[in-house]
Amino acid sequence: MPDQLTKSTIGLDGVPAAETALSHVDGLKGELIIAGKHVVDLASRSSFESVTARLWSLANSELITEAEVRTQLGQARVQAFARLPDLLTVSGGVSLVAAFRAAIAGLRTEDGISDDATIVGALPVIAAALARRANGDAAVAPDPTLGHAADTLRMLHGRDPNAGEARALDAYLITVSDHGMNASTFAARVVASTQADLFCAVTAGYCALTGPLHGGAPEPVLEMLDTIGTSARIEPWIDDALARGERLMGFGHRIYRVRDPRADVLKTVIETLAVNTTNLPFAAEVEAYARDALKRKYPDRALDTNVEFFTAILLDALAIPRQAFTPIFAVARSTGWTAHAREQQRRGRLLRPSSAYIGEIPA
Ligand code: SDX
């Protein structure tokens with residue numbers, strides 16, 4: 001079931017780059033299937049460890065259980081914490097997003113756990129340590145007995161999260177764990193298809209994720225909400241931005257021609273898990289006007305809310321520093337990147353598309 005075919009293939013719109021059993025995005029129906037389940041069912045009933053186990057089992061055609069994943073990720077967090085001084089050597093004058101990239105590149109095979117678990121386990125340790133260092137605080141050691149989401153919040157804030165907070169982040173990690181052939185997953189698959197190692201594939205995926213058109217969108221969403229500030233300023237601000245040809249962060253999608261199903265999943269998480277945010281009613285006003293304004297400007301182009309709009313509000317409500325939003329996105333998507341890289345290496349070929357030459361032809 002390839003994603004919907006669209007007119008142009010420059011940019012690979014609608015071109016299936018690989019066969020995958022991991023996830024499927026139906027842009028016309030507004031559906032996301034991850035490891036054979038609808039995302040709304042996984043977010044409300046599963047755990048990040050369970051979804052990771054399902055994706056890794058599919059990718060490797062070898063069963064790994066939720067309990068084994070939970071144990072391996074706990075061990076990996078502990079081993080990554082022990083290596084933090086090495087991993088955080090790049091510090092002078094680079095952003096948290098860039099320091100995170102350098103740290104991922106420094107990961108290596110650890111004794112006793114898979115490279116997949118080493119990577120997925122290490123990312124929240126690195127993200128939390130960098131976020132705390134930016135505040136002048138020391139890193140907090142992981143607790144391997146906790147779930148991945150709960151320990152991520154604990155390492156970030158230096159206190160145990162309450163059940164609602166832990167559940168909210170777990171639901172977020174599940175919701176964005178995998179999403180078909182998005183740019184960062186494609187980048188990871190291209191690198192994996194050359195038989196380069198998993199660390200290279202995930203580093204490539206993270207680099208692609210950091211762009212504002214992809215995983216770098218949540219921070220600008222929050223900046224947009226802050227800049228608009230009041231209900232009275234919503235219409236003039238959005239009208240002016242669109243008149244200047246700017247893109248509204250958190251809206252539009254290459255595949256979805258209707259609302260991104262993950263937007264409502266995360267909106268429900270914010271509403272039901274009682275994570276305290278004053279932002280939601282105001283954000284809903286901004287969202288409503290933005291959708292109308294985009295419909296007026298692009299009547300034949302469905303530009304609806306995407307996952308990043310409510311991601312920004314949820315992560316802000318969990319007191320995650322906004323400069324750590326993209327690394328926290330990577331904490332979740334690293335499960336998808338590792339699964340896709342393994343699947344590519346097991347079943348795929350070298351990914352080498354063609355190009356349309358428009359340069360000079362020698363006489
Ligand atoms: C993610 O692919 C994935 O699955 C990604 C993701 C995942 O889980 O991995 O879902 C995560 O990346 C979500 C998207 C996050 N990015 C943003 O919210 C940034 C804002 N969105 C846009 O930049 C845009 O919608 C894209 C990049 C997401 C998709 O753009 P497309 O499909 O390439 O569409 P396009 O650039 O061809 O736009 C068509 C027209 C253009 O107008 P013209 O140049 O023809 O005049 O629509 C306009 C665009 O300018 N447009 C927007 C807009 N999105 C498209 N105009 C204003 N605001 C927007 N958000």
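What you see below is based on every heavy atom in this structure, not just the backbone, and it leaves out hydrogens, waters and symmetry mates. In this chain, numbering begins with 1 at the start of the sequence shown. As the structure is a computational prediction, the values presented were derived from the model and not from experiment. Whatever order the structure lists ligands and atoms in, that order sets their numbers, starting from 1.
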Among all the protein's non-hydrogen atoms, which is closest to [atom], and how far away is it?
atom	value
atom 54 (N) of ligand 1	L303 CD2, 3.7 Å
atom 29 (C) of ligand 1	R254 N, 3.8 Å
atom 14 (C) of ligand 1	N306 ND2, 3.6 Å
atom 22 (C) of ligand 1	R247 NH1, 3.3 Å
atom 59 (C) of ligand 1	L248 N, 3.6 Å
atom 34 (O) of ligand 1	R301 NH2, 2.5 Å
atom 28 (C) of ligand 1	G252 O, 3.8 Å

Classify the ring geometry between H179 and Y256 as parallel (under 30°), tilted (30 to 60°) or perpendicular (over 60°).
-> tilted

F48 vs H148 aromatic rings, parallel, tilted or perpendicular, using cut-offs 30° and 60°?
-> parallel

Check ligand 1 against [X] and write out every atom of the ligand that is under 4.0 Å from a heavy-atom position of the residue.
X	value
N182	2 (O), 3 (C), 4 (O), 5 (C), 9 (O)
F251	18 (O), 20 (C), 21 (N), 22 (C), 25 (O), 59 (C), 60 (N)
R333	7 (C), 8 (O), 9 (O)
G250	17 (C), 18 (O)
A217	15 (C), 16 (N), 17 (C), 18 (O)

For ligand 1, find out whether one of its N or O atoms is nearer than 3.5 Å to an N or O atom of [X].
X	value
R257	no
E308	no
E246	no

Heavy-atom protein neighbour under 4.0 angstrom from atom 44 (O) of ligand 1 | no

From atom 38 (O) of ligand 1, is the closest protein heavy-atom distance below 4.0 Å?
-> yes

Pairing donors with acceptors under 3.5 angstrom, does anything connect the side chains of [X] and [Y]?
X	Y	result
S61	R346	yes
T210	T326	no
Q323	S95	no

Hydrophobic cluster identity match, V140 and I328, side-chain contacts under 4.5 Å | no

Report yes if the side chains of Q344 and T185 come closer than 4.5 Å at any heavy-atom pair, otherwise no.
-> no

Main-chain N/O of T305 paired to D260 side chain as donor or acceptor, under 3.5 Å | no

Residues, nucleotides or ligands: over 12 heavy atoms within 6.0 Å of K295 NZ = no

Other residues, nucleotides, ligands: >12 heavy atoms within 6.0 Å of R167 CZ | yes

Please work out which of Y256, F186, Y298 has its closest non-hydrogen atom nearest to atom 56 (N) of ligand 1.
-> Y298

